[in-house]
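Below you'll find the structure, written out as structure tokens, and then a few comments.
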Number of protein chains: 2
Amino acid sequence: MAAISLPDTIGAMTAAERLVSPCGRCDARRLSVCQGVDDRCLDQLAAAITTIRLQAHATLASEGDEASHFFNITSGAVKLFKLLPDGRQQIVGFLFPGDFVGLAVRDTYAYTVETIAPATACRFDRRQFERLLERFPNMAFRLRERASDELAIAQEQMLSLGRKSAKERVASFLLQLSRRAVRLGLPGNPVTLPMTRADIADYLGLTIETVSRTITRLKTSRIITLGPDHTVTLHRERLEEIGEGWGGDI
Amino acid sequence: MAAISLPDTIGAMTAAERLVSPCGRCDARRLSVCQGVDDRCLDQLAAAITTIRLQAHATLASEGDEASHFFNITSGAVKLFKLLPDGRQQIVGFLFPGDFVGLAVRDTYAYTVETIAPATACRFDRRQFERLLERFPNMAFRLRERASDELAIAQEQMLSLGRKSAKERVASFLLQLSRRAVRLGLPGNPVTLPMTRADIADYLGLTIETVSRTITRLKTSRIITLGPDHTVTLHRERLEEIGEGWGGDI
DNA sequence: CGCTGGGTTGATCGCACTCAACCCGCGTGG
DNA sequence: CCACGCGGGTTGAGTGCGATCAACCCAGCG
């Protein structure tokens with residue numbers, strides 16, 4: 001039962017798991033998504049995986065294309081977005097290391113996937129992967145949990161887009177980024193904003209001007225502090241009050 | 001191998017399947033979610049199911065409660081919504097016969113579930129059901145597909161809430177209802193609006209006044225026709241043009 | 001150097017919100 | 001029988017938040 005090494009990771013890492021695989025290469029048996037999977041399966045998985053390396057603003061998949069592959073982000077960050085005919089854009093999610101692309105997909109991609117920073121990802125043949133899942137229900141179970149998490153995030157985002165003010169949207173977005181950073185084993189405060197104002201705006205259903213003004217107002221009210229390299233220090237109590245809709249004035 | 005009858009349905013019915021079980025009682029082996037499940041399992045399923053009957057505006061589950069049960073709607077309609085402290089409400093989904101409550105749930109419900117019309121549902125003990133899923137991966141697979149569909153709908157809704165005008169939101173909402181009706185084996189045109197203006201508003205991130213005005217404007221532009229009993233006839237070409245953001249003026 | 005991408009700030013505009021009045025159908029009770 | 005309240009819906013007048021249009025700053029880079 002020798003340890004078998006997969007190209008990079010097949011994801012589902014917890015923060016703790018990530019700590020034991022600092023360089024992106026890891027022993028698959030340490031990954032929660034692989035628990036209960038035997039070595040022979042891991043061999044097959046390894047055969048189905050290709051590691052891809054991408055520059056910033058590269059496209060992994062396009063809305064409407066046949067969903068032939070399944071991805072797991074191993075470094076960097078990507079955005080998922082939908083477009084309207086006149087160019088209006090809505091980002092439906094940001095994905096970071098450990099996240100999957102294609103959980104919500106049936107036969108075609110419902111969104112375009114683009115890197116917002118240089119990234120690496122593992123690519124699987126979709127049908128090959130589905131066959132493996134049939135034989136290894138543990139992995140399928142973990143994927144269902146991930147899909148549930150995604151859905152919960154999407155619903156939280158619907159609340160923001162439908163009912164929160166610009167100030168509240170920005171506040172809950174910053175808190176969401178902070179929680180995500182903690183999950184990845186990074187400091188939750190200060191937090192880094194890896195995306196541009198335009199991407200934040202397209203995620204929050206606002207314009208870049210409104211995002212910029214709102215961040216400025218949060219800054220001058222000492223609710224956040226802007227640091228170097230796109231870092232933001234959050235003063236959690238007041239930020240949470242605003243983000244959760246308690247109406248703290250600024 | 002006698003046919004085994006479950007109390008009502010455990011869901012995942014296609015339109016065709018629904019046709020063979022007109023009264024809500026059905027042979028579980030006809031349901032896609034049960035394919036490959038043997039009779040002994042069906043016995044256990046039957047034991048884990050309770051049929052519940054609900055009036056309009058009854059609560060099945062509340063945001064924040066421990067997620068002890070899993071539901072499948074067998075008749076009527078329910079809404080899932082989230083609340084902000086000051087009473088603002090966002091409906092994150094409407095569910096109709098065949099739909100599941102609790103796909104997106106981990107340990108607590110992320111939303112409140114309330115009927116918008118008299119309804120019946122099947123209730124499962126969550127842990128018991130999860131144990132069955134471990135043994136019957138086919139069912140787990142179908143559930144993952146359902147969760148994927150839900151996520152795709154949620155993402156489409158994010159596009160509406162974040163980037164569409166009131167007119168576009170109402171148009172795509174009507175088309176969504178029409179598609180859902182077809183899936184349930186009902187006519188897709190005219191379509192029935194089972195929910196109030198307030199519920200539509202809380203789903204679309206608008207106010208009741210805006211919903212009312214927008215519907216009126218669609219009506220006077222002959223893009224929809226209002227019939228009796230909350231029915232609406234859709235003039236699809238123009239409605240799709242608007243709902244998909246091509247900017248047809250009204 | 002100038003150009004470009006990312007970001008901030010100001011002035012003005014307009015869509016959807018707010019507040020208000022009113023209609024209708026229905027059930028209830030005097 | 002009418003009076004009344006109530007929930008659901010429509011319509012009008014006025015307001016405000018965030019969009020739009022525009023100017024400008026700054027850093028990086030060819």
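Computed from heavy atoms alone, side chains included, the values below leave out hydrogens, waters and symmetry copies.
With distances taken from any side-chain atom of B:Thr216 to the nucleotides D:dA19, C:dG10, D:dT10, the minimum falls on D:dT10.
Not a single donor-acceptor contact under 3.5 angstrom links the side-chain atoms of A:Arg197 to the base of C:dG5. Between the side chain of B:Arg217 and the base of D:dT10, no donor-acceptor pair of N or O atoms lies under 3.5 Å.
Proximity of a side-chain donor or acceptor of B:Asn72 to a complementary backbone N or O of B:Gly98 within less than 3.5 Å is detected.
Using modelled atom types and a 3.5 Å distance limit, the side chains of B:Thr192 and B:Thr231 yield no donor-acceptor pair. There is no side-chain donor-acceptor pair under 3.5 Å between A:Ser62 and A:Thr112. With 3.5 Å as the limit, one finds a donor-acceptor pair spanning the side chains of B:Gln176 and B:Tyr203.
Within 4.0 Å (heavy atoms only), A:Thr207 reaches at least one base atom of the nucleic acid. When heavy atoms are screened at a 4.0 angstrom cut-off, B:Ile208 is found touching no nucleic acid atom at all.
Residues A:Ser212 and B:Ala166 each lie close to DNA chain C; by heavy-atom proximity, the contact nearer the 5' end of the strand is made by A:Ser212. For A:Ser165 and A:Glu209, each mapped to the nucleotide of DNA chain D holding its nearest heavy atom, the one lying further toward the 5' end belongs to A:Ser165.
Straight-line distance from the NE2 atom of B:His230 to the P atom of D:dG7: 16 Å, rounded to whole Å. C:dC15 atom P lies 14 Å from atom CZ of B:Arg169, rounded to whole Å. At whole-Å resolution of the value, CG in A:Leu206 and P in C:dG7 are 15 Å apart. In this structure, NZ of A:Lys164 is placed 18 Å from P of C:dC17, rounded to the nearest angstrom. Regarding B:Arg88, its CZ atom lies at a distance of 19 Å from the P atom of C:dA16, rounded to whole Å. One atom, CD1 of A:Ile200, and another, P of C:dG7, lie 8 Å apart when rounded to the nearest Å. Atom CD1 in A:Ile215 sits roughly 13 Å away from atom C1' in C:dG6 (whole-Å rounding). One can place CG of B:Leu226 at 18 Å from P of D:dG8, the figure rounded to the nearest angstrom.
More than 12 heavy atoms of other residues, nucleotides or ligands lie within 6.0 Å of CG in B:Asp86, so this atom counts as buried by the packing criterion.
For C:dG5, the OP1/OP2 oxygens have no side-chain nitrogen or oxygen of A:Thr196 closer than 4.0 Å.
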